[in-house]
2 protein chains.
Amino acid sequence: MKDEKTQTEDHILNSAEKVFQRKGMDGARMQEIANEAGINKAMLHYYYRSKRFLFEAVFAKAFSLIAPEIDRVLSDDNTDLFQKIKNFTNSYISFIQKHPYLPNFIIQELNRDADFIKVLQAKKGFPDFSKFEAQVEKEVQEGKIRPIKAEQLFVHLLSLNIFPFLAAPLFKGFLKIDDKAYKDLMEERKEEISNLLINYIKIKE
Amino acid sequence: MKDEKTQTEDHILNSAEKVFQRKGMDGARMQEIANEAGINKAMLHYYYRSKRFLFEAVFAKAFSLIAPEIDRVLSDDNTDLFQKIKNFTNSYISFIQKHPYLPNFIIQELNRDADFIKVLQAKKGFPDFSKFEAQVEKEVQEGKIRPIKAEQLFVHLLSLNIFPFLAAPLFKGFLKIDDKAYKDLMEERKEEISNLLINYIKIKE
DNA sequence: GTCTATATTAAGATAGAC
DNA sequence: GTCTATCTTAATATAGAC
């Protein structure tokens, strides 16, 4: 019994995820979610009470999927910055190829409701920037990298990795290339981004 | 008479711009646009026939505002790459501080309707990447910069400039800073981004 | 727990007076 | 050209049978 309930609940959540990530909160239709799940609308309300609650469940799940990816850069103590940059870039790009709608979904909905980030901050697993900051400062002092602000490095890293997926339609239009060529370009970026940033923080002799 | 018409039409467009850029196509309400403009819903239909058409007018206007900013980097023949990167970064960040909703609006709606970029491509003033590409190749051959793919440099430049505004709520959350501190960080980036990219394409001796 | 049928509300769009 | 009133449709949500 309990298993059945959990199963359906989960099935709805997965279906809702697909629709919300394609259409956003406002564009999504409960009917479409029901169709996607192969059940009727009433069931959605039975399990999640309202569209709003269903949406928030989807959003929380999506964020909890991407947060560890970010947090790994910030909190892992065992690798130096050079290696962290490489690791993040590599794993993030592979990760996002599997979840292409995710970055747009997160960004879009955070722009719709600026305070929602506070709800997320309160949750366990929210990325902790202060550890990354401490590491940057430490490596600067040890003379491993040249002086740089941790905030800027962090913003660079995320911008270079995330934006090209967010703006894929725009770039394809500018560069006049198709999906395949764009995917190759993204694959190339694993090397490209690491080189750019490592070259930047490295101390010149 | 004609002036009156044009004036109201324009007033509606400006009001619609505000609402659409805050709420997106799906989230915007015709009633809200009418309120913003201080008129009634019927007027919106009188001038723009449907929500779809009104939206497209707003989008076209928004895009025509940002396209020249991009095109300036791509097509200006009189400055070398080093200077172009500086100019673009400087002027883009200043520009976007004045139009904070614009990047999110463009990106979001292009993700909703991937084919819409084709409509834009057909328009006059659409940024022409091939000129930029030619310039990069030329400067590489002349030994002014080290070998690099024009596409990647272009993606870097736009990512570093645009994403931090798109993801402002996210970054404020991660870095735990307020609007003022974030604005300062963005101001700093004018220098920061130029340095990062110029350092990257410069030939090491 | 799952369905069909229906209530309720709200949005886009139009008719028609002025 | 501008308004009020209204039509139509569609979406969220609920009631109630099974």
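Every chain is numbered from 1, with letters handed out A, B, ... down the list of sequences. Computed from a predicted structure; not experimentally measured.
In this structure a side-chain-to-backbone donor-acceptor pair under 3.5 Å is missing from Glu139(B) to Asp80(B).
Regarding contacts with the backbone of dT12(D), every side-chain N or O of Ser50(A) stays at 4.0 angstrom or more from both OP1 and OP2. Contact check, Tyr46(B) against dT14(C): no side-chain N or O comes under 4.0 Å of OP1 or OP2. Between dT14(C) and His45(B), no contact under 4.0 Å exists linking OP1 or OP2 to a side-chain N or O.
Using a 4.0 Å heavy-atom cutoff across all strands shown, Ala28(A) reaches sugar-phosphate atoms only and no base atom.
The distance between atom CG of Leu54(B) and atom C1' of dA11(C), rounded to the nearest whole Å, is 15 Å. In this structure, Met30(B) atom CE and dT6(D) atom P are separated by 21 Å, rounded to whole Å. Arg52(A) has its CZ atom 11 Å from the P atom of dA13(D), to the nearest Å. For the pair Leu44(A) CG and dT2(C) C1', the computed distance is 12 Å after rounding to whole Å. dG1(C) atom C1' lies 18 Å from atom NZ of Lys41(A), rounded to whole Å. Note: CD1 (Ile39(B)) to P (dC3(D)) measures 7 Å, nearest angstrom. For Arg29(A) and dG12(C), the CZ to P distance is 10 Å, given to the nearest whole Å. Put simply, CZ on Phe20(B) is 14 Å from P on dA11(C), counting in whole angstrom units.
Atom CD of Glu191(A) is surrounded by 12 or fewer heavy atoms from other residues, nucleotides or ligands within 6.0 Å.
Considering Phe20(B), Phe53(B), Phe105(B) in turn, Phe105(B) is the only one that fulfils the ring-ring contact (aromatic ring centres under 6.0 Å, His included) rule with Phe59(B).
In this structure, the ring of Phe95(A) has its center no less than 6.0 angstrom from the ring center of Phe165(A).
Comparing dC3(D), dA13(D), dC3(C) by their closest approach to the side chain of Lys51(A) singles out dA13(D). Here the nucleotide nearest the side chain of Met43(B), chosen from dC3(D), dG12(C), dT12(D), is dC3(D). Among the nucleotides dT4(D), dT2(C), dT12(D), the one closest to the side chain of Asn40(B) is dT4(D).
In summary, the side chains of Glu137(B) and Gln141(B) do not present any donor paired with an acceptor at a separation below 3.5 Å, with no hydrogens or angles considered.
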